[in-house]
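Notes for the one structure printed next.
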Amino acid sequence: MATAGKVIRCRAAVAWAPGKLSVEEVEVAPPKAGEVRIKLVATGICRTDEHLLQGCFPNAEFPVIPGHEGAGIVESVGEGVTSMKPVWRILLCLPLHLHGIDFMTNLTPPSALHSIKYKYLRLLHSISEPQHLLPDKTTQYTVAKIDAAAPLDKVCLFGCGFSTGYGAAINTAKVKPGSTCAVFGLGGIGLSVVMGCKAAGASRIIGVDINKDKFAKAKELGATDCINPRDFQKPIQEVLTEMTGQGVDYSFEAIGHKDTMIAALASCNMSTGVCVMIGELDSGSEISIDPTLLLTGRTWKGTVLGGWKTRECIPKLVSSYLEKKFNSDLLITHTLPFAKVNEGFELLRAGKSIRTVLLF
Ligand code: PAD
Ligand code: ZN
């Protein structure tokens, strides 16, 4: 592209301190060795961006440019980058997964993950327009080349939200046909879990949310029942156990609260149940549970990006989307121009959106 090798100016949504984003111009240098510069086309707003914006990750430094569900086109590459080429269509994939994926088999140890995580959140997966810089010699690996026919304003969700929820059911829990599932939280992630449970052949999928407005979409996507914990006098885990006899086979927490994490664990079958944590707590939070919950045989696990290997699996998911194997477009309730980024966050806070996609 004509801008290759030049410092460019672009708009970015900058949070100078926890709270509101301001859209302003920033300078982006040409990519250094191992780096990739991306022209962003669309990005989804995820609850994790809101967590970052509200200062829930104490190690994240402000000012920060949040955003990590982007889709775009490679503008230029730095020296030594062989795996990415200009004008390829790509997805930015949740940076945490960079470690587990293409060039390592396991997640980086926690200390390394910590420092890398925030560095990436701050610098990499940014809501910025029209160019997006990925600085670091390994950043070429955080982008996945996808089918050129894929609509970027739709598949941007595959960089985090859809892939996380769908993979939590398929890869992390490995939901079996005929099983029962409970999904706590029916936002973009939880509804993608519902889609994954349905694709895996679950016979009963119970959605749990305090916002009844989410129920219609959950049922459209495969939930067989939807319940609001506030409609019951007793704890929701007791309600779910009564509804299913011995608890669900698989439960998923896609909210990010301590009490719902424990309720999700207690909702699954005491001997054979599997509970998957997806929701994020503030960094440094601790959770305490009655160990008996695990002693009897339950399995408690977590997931990042639904356990997919970024560059290998995400493009395949995009191909499945193009083959109409599932309809993730139903998760997109709003599409807004980038300048309305704050409106997009307001919709999320008010519980009125599932996913808002910003267009650059
Ligand atoms: P969202 O805000 O769109 O959805 C959360 C849903 O939970 C909403 O529908 C709420 O009404 C509902 N809710 C809130 N409180 C309760 C409650 N007490 N009981 C029942 N329902 C409740 O968020 P999202 O779907 O974008 O993200 C969900 C979580 O997943 C969030 O914590 C986010 O940070 C995390 C996440 N994790 C990963 C990962 O890789 N593990 C990736 C992306 C997001
Ligand atoms: Zn996300």
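Atoms within a ligand are numbered from 1 in the order they appear, just like the ligands themselves.
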Please check whether Thr303 reaches ligand 1 - meaning an N/O of the residue sits under 3.5 Å from an N/O of the ligand, judged on distance alone.
yes
Are Thr180 and Asp249 linked by a side-chain donor-acceptor pair shorter than 3.5 Å?
yes
Per side-chain contact (heavy atoms from CB on, under 4.5 Å), Leu336 is matched among Thr356, Val341, Asn342 by Thr356
List every atom of ligand 1 that sits less than 4.0 Å from any heavy atom of Gly185, numbering the atoms from 1 in the order shown and giving each element.
6 (C), 7 (O)
Salt bridge (charged side-chain N to carboxylate O under 4.0 Å, His left out): pairs with one or both residues in residues 342-360, sequence neighbours excluded:
Glu50-Arg349, Glu69-Arg355, Glu346-Arg349
Are the side chain of Arg37 and the backbone of Val28 linked by a donor-acceptor contact shorter than 3.5 Å?
yes
Is the closest basic N to carboxylate O distance between Glu242 and Lys234 below 4.0 Å?
yes
I need the contact type for Glu50 against ligand 1. Using non-hydrogen atoms and a strict under-4.0 Å cut-off, is it side chain, backbone, both or neither?
neither
Distance filter under 4.0 Å to His257 heavy atoms, resulting ligand 1 atoms
15 (N), 18 (N)
Ligand 1 contact on Ser353 by region, counting heavy-atom pairs under 4.0 Å:
neither
Quick check on Cys46 - does any of its heavy atoms sit under 4.0 Å from an atom of ligand 1?
yes
Compute the shortest N/O to N/O distance between Arg355 and ligand 1 and return yes if it is under 3.5 Å, no if not.
yes
Would you check the N or O atoms of Ala254, main chain and side chain alike, for any that come under 3.5 Å of an N or O of ligand 1?
no
Mark yes when over 12 heavy atoms from residues, nucleotides or ligands other than Lys217 sit less than 6.0 Å from its NZ; otherwise mark no.
yes
I want to know if ligand 1 touches Ile278 in the polar sense, i.e. an N/O pair below 3.5 angstrom.
yes
For ligand 1, does Arg349 get within less than 4.0 Å through its side chain, its backbone, both, or neither, judged by non-hydrogen atoms?
neither
If we set the cut-off at 4.0 Å for heavy atoms, which region of Leu305 has an atom near ligand 1: side chain, backbone, both, or neither?
backbone
Atoms of ligand 1 close to Thr164 [distance to a heavy atom under 4.0 angstrom, numbered from 1]
38 (C), 39 (C), 40 (O), 42 (C)
Ligand-side contact atoms (ligand 1) for residue partner Ile189, heavy atom cut-off under 4.0 Å:
24 (P), 25 (O), 26 (O), 27 (O), 28 (C), 30 (O), 43 (C), 44 (C)
Tell me if a side-chain donor or acceptor on Lys6 pairs with a main-chain N or O of Pro30 at a distance below 3.5 Å.
no
Do Arg11 and Glu25 meet the salt-bridge criterion of a basic N to acidic O distance under 4.0 Å?
no
Taking 4.0 Å as the limit for heavy-atom contacts, which would you say applies to Ile255 with ligand 1: side chain only, backbone only, both, or neither?
both
Pull out every atom of ligand 1 sitting under 4.0 Å from any heavy atom of Gly188, numbered as shown with elements.
3 (O), 25 (O)
What atoms in ligand 1 come closer than 4.0 Å to a heavy atom of Cys160?
42 (C), 43 (C)
Measure from atom 8 (C) of ligand 1 to every heavy atom in Asp209, Asn211, Leu347 and give the option owning the shortest one.
Asp209
Please determine which of Val183, Ile189, Thr303, Val208 meets the side-chain contact (heavy atoms from CB on, under 4.5 Å) test together with Phe252.
Val183
Hey, is Gly161 one of the residues with a heavy atom under 4.0 angstrom from ligand 1?
no
The complete set of ring pair (Phe, Tyr, Trp, His ring centres under 6.0 Å) pairs with one or both residues in residues 162-181, sequence neighbours excluded, reads Phe158-Phe162, Phe162-Tyr166, Phe162-Phe326, Tyr166-Phe326
For ligand 1, which atoms, with element, lie under 4.0 Å from some heavy atom of Lys214?
8 (C), 9 (O)
Between Asn327 and Tyr321, do the side chains contain a donor N or O and an acceptor N or O under 3.5 Å apart?
no
Is it the case that Asn269 and Thr272 place a side-chain donor and acceptor less than 3.5 Å from each other?
yes
Can you check the angle at the Zn ion (ligand 2) formed by SG of Cys160 and SG of Cys46? Round it to the nearest 10°.
130°
Report yes or no: do Thr241 and Gln246 form a side-chain donor-acceptor pair below 3.5 Å?
no
What part of Glu280, side chain, backbone, both or neither, has a heavy atom within less than 4.0 angstrom of ligand 1?
both
